[in-house]
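Before any comments, here is the structure.
The structure presented is a predicted model; accordingly, all values stated were derived computationally and were not measured. Chain A is the first sequence line, chain B the second, and so forth, proteins listed ahead of strands; every chain is numbered from 1.
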Amino acid sequence: MTEVRTRFAPSPTGFMHLGGVRTALYNYLFAKKMGGKFILRIEDTDQERYVEGATDVIYDTLKGCGMNWDEGPDVGGDWGPYVQSERKNLYMPYAKQLVEKGAAYYCFCTECELKERRAQAEARGEVFKYDKKCLGLSKEEVQAKLDAGLPYVIRLNCPTEGESSYDDVVFGHISFPNSDLDDMVLMKADGMPTYNFANVIDDHLMGITHVMRGMEYLSSTPKYNLLYNAFGWEIPQYIHLTTVMRDATHKLSKRDGDAYYSDFIGKGYLKEALINYLALVGWNPGTDQEFFTMDELIDAFDIHRLNNSPGIFDVNKLDWMNSQYIQKLDPDKYLAMATPWFEKVLAGKNIDYRRLAQLMQSRTDIFSRIPEKIAFLAQMPDYDTAIFFNKKQKSDVDVAREVLPKLLPVLEGIQDWTEANIHDTVMAQIPAWGKKNGAVLWPMRIAISGQESTPGGAFEIAYLLGKDETIRRIRASMEKLG
RNA sequence: GGCCCCGUGGUCAAGCGGCCUAAGACACCGCCCUUUCACGGCGGUAACCCGGGUUCGAGUCCCGGCGGGGUCACCA
């Protein structure tokens, strides 16, 4: 059995779309699972779209996620170069070979003419298909035009009758009427190959055995097969992947800021969580396991369990999964990762980040939501005294008016402001006041946080705030209550 | 519009003719834990797009409808 070789062939746009990351992932997983090779090829034939540093985005994303390629632009390999623009002189001979075989032909119709004919067809309510006008040119006519230096393209000569079919690993048997096939351009007038053509040549030359790509190529695959057949090359296994959707009718899009890998990393998602979640949109292991390391994914991956219906990217579930990953983080690692987010609102304040981190770790789903949760530590929010009311804790505004003044001297009396001391000192007083714990602690926490819910209870918050600030806030709240 | 693909709860999904009065997970709701929230534990609501077939038997196979997506470039 020959070695499995898969490839990920992105064009460098400067961004990595999540759908692309998933395509790369599946290609990687399958290659590794089969003990084969994962190849990275940069498809940059469109010079107009060139973006500075765009290939680095691809490299960094893949490497960051642990998808290391066996062959590619930077690591080399036996079938290079792996950047399409560096292979541009390689395609024309193949196109000419096809012309000689009668599988392709020169076409001298200008873009302008075609546009016109397309418009006419549209006006008649028809689907425009190249009419093979130039196929009728005699060898001499073609040569004459060539000699005259007329610009030309080379088109694939598609059959017009019968049907083409192939078997896709995820979609099964697919067939198309040949009458729908358009004679696609192989070589452009500028001498560059079209994406479709270069793709087939490169895949073959690089020995790709399994082509895994988005399902938007489902309907152009018959034409790819025509090329393989014309050359007498072996057709690879096709594995078309469904689209990752934002909702039932929309793809993940740039516009909504929910399409790029970098968007998510910037928002504070862990790449491990993102990869783990992405792997599960469109594929499942057939077991109830849903947490996977990259190695576990490789082990569990099976192309036959790829789904054939599009999946919606559920940010909700991603958030949950991310929070699970965060909880499992080593506390020191969490502290290190959370600190920049703490700094956003607490810079300059004297706060025990280590303790804050302990309190926040189980309350963090994505890092970017940390600031809003701890902003009250930096500045006392303006709050509605109605929140002193809590039925279960037997607290209300009146209870707060009664309890806060008692609490103040007790707090002021604490010399060593440790969490344990605050806890023990206050708890020791409560029985004497004839109150339930909640009736004291609820007002206390509200008084110093101004929020109904906080990360941590009254003692933790008081400790974090420090003695002076705690006292100051208790006083301010007493004043507010009148 | 032609052609192609898809159609199980709000979402991801298991299911490959009888084990389905249909798993599991997220979300949601309730209870427990608890000085709030979160975490954790327990429980609950909720689905086979519709209509015809085939079959002793259909979520599972076939056809049609409907719905959604994709594709129809000298873009990739």
Exercise. Looking only at side-chain atoms of A:Thr454, point me to the closest of B:U36, B:U71, B:A76.
Key: B:U36
Practice problem: Go ahead and name the base partner of B:A47; Watson-Crick or wobble counts if both distances stay under 3.5 Å, otherwise write none. | Solution: none
Quiz item: Closest to the A:Arg305 side chain: B:C74, B:A14, B:A25?
Solution: B:A14
Quiz item: Is NZ or CZ of A:Arg354 both nearer than 6.0 Å to the six-membered ring centre of A:Phe342 and within 45° of the ring axis?
Solution: no
Quiz item: RNA chain B: A:Asp182 or A:Lys392, which has the more 5' nearest nucleotide?
Solution: A:Lys392
Quiz item: Between B:C31 and B:C37, how far is it from one P atom to the other, in whole Å?
Solution: 11 Å
Practice problem: Could you tell me whether A:Glu372 atom CD has more than 12 heavy atoms of other residues or ligands within 6.0 Å of it? | Solution: yes
Exercise. For B:A14, take OP1 and OP2 only and decide whether either is under 4.0 Å from a side-chain N or O of A:Asn307.
Key: yes
Quiz item: If we call it a pair only when both distances are under 3.5 Å in a Watson-Crick or G-U wobble match, what pairs with B:C66?
Solution: B:G7
Quiz item: Where the side chain of A:Asn308 is defined as all heavy atoms beyond and including C-beta, which of B:A76, B:C6, B:U36 is the nearest nucleotide?
Solution: B:C6
Practice problem: Please give the nucleotide sitting opposite B:A22 as a Watson-Crick or G-U wobble pair, both distances under 3.5 Å, or none. | Solution: none
Quiz prompt | Check: A:Arg445 side chain, B:U36 base, donor-acceptor under 3.5 Å | solution = yes
Exercise. Determine the interatomic distance between P on B:G67 and the same-named atom on B:A76; round to the nearest Å.
Key: 35 Å
Quiz item: Side-chain contact, heavy-atom cut-off 4.5 Å: A:His240 with A:Arg213?
Solution: yes
Quiz item: Nearest to the side chain of A:Glu43 - B:U35, B:U36, B:A76?
Solution: B:A76
Quiz item: Can you find a heavy atom in the side chain of A:Trp417 that is under 4.5 Å from one in the side chain of A:Ile414?
Solution: yes
Quiz item: Counting just side-chain N and O atoms, does A:Gln324 come under 4.0 Å of either OP1 or OP2 of B:G40?
Solution: yes
Quiz prompt | Complementary nucleotide for B:G59 - Watson-Crick or wobble, under 3.5 Å | solution = none
Quiz item: In Watson-Crick or G-U wobble terms, both distances under 3.5 Å, what is the partner of B:U36?
Solution: none
Exercise. Quote, to the nearest angstrom, the P distance that separates B:C49 from B:A58.
Key: 16 Å
Quiz prompt | CA sep, side-chain torsions, deciding dist, call: A:Gln237, A:Asp168, side-chain hydrogen bond (donor to acceptor under 3.5 Å, both in side chains) | solution = CA-CA 7 Å; A:Gln237 276 282 320; A:Asp168 184 272; over 6 Å; no
Quiz prompt | Under-4.0 Å side-chain N/O to phosphate OP1/OP2 contact, A:Arg363 with B:C39 | solution = no
Practice problem: Compute whether any side-chain donor of one residue and acceptor of the other, for A:Asn390 and A:Ser395, lie under 3.5 angstrom apart. | Solution: no
Quiz item: B:U45 and B:C6: how far apart are their C1' atoms, nearest whole angstrom?
Solution: 29 Å
Practice problem: With P as the reference atom in both, quote the distance from B:G1 to B:C12 in angstrom, rounded to an integer. | Solution: 26 Å
Quiz item: A:Arg118 has a side chain; which of B:C74, B:G2, B:C6 sits nearest to it?
Solution: B:C74
Quiz item: Paired with B:C42: which nucleotide, if any, by Watson-Crick or G-U wobble criteria at under 3.5 Å for both distances?
Solution: B:G30
Quiz item: To the side chain of A:Trp320, which of B:C74, B:U71, B:A27 is closest?
Solution: B:A27
Quiz item: Can you find a pair of side-chain heavy atoms, one from A:Phe264 and one from A:Leu318, that are under 4.5 Å apart?
Solution: yes
Practice problem: Kindly say if A:Lys188 contacts the phosphate of B:A76, meaning a side-chain N or O under 4.0 Å from OP1 or OP2. | Solution: yes
Quiz item: Looking only at atom P, what distance separates B:A27 and B:C39, rounded to whole Å?
Solution: 8 Å
Quiz item: Taking the side chain of A:Phe171 as heavy atoms from C-beta outward, which of B:G69, B:C5, B:A76 is closest to it?
Solution: B:C5
Quiz item: Rounding to the closest angstrom, what is the interatomic distance between B:G24 and B:A47 at atom P?
Solution: 15 Å
Quiz item: B:U36, B:G40, B:G69: which one has an atom nearest the side-chain heavy atoms of A:Met215?
Solution: B:G69
Exercise. Report yes if at least one side-chain N or O of A:Asn284 is closer than 4.0 Å to OP1 or OP2 of B:A14; otherwise report no.
Key: yes
Exercise. Using both distances under 3.5 Å as the test, list the Watson-Crick or G-U wobble partner of B:U71, or none.
Key: B:G2
Exercise. From the options B:G69, B:A25, B:C4, select the nucleotide whose nearest atom is closest to the side chain of A:Thr243.
Key: B:G69
Quiz prompt | Watson-Crick/G-U partner (both atom distances under 3.5 Å) of B:A14 | solution = none
Quiz item: Nearest to the side chain of A:Asn316 - B:A27, B:G68, B:U35?
Solution: B:A27
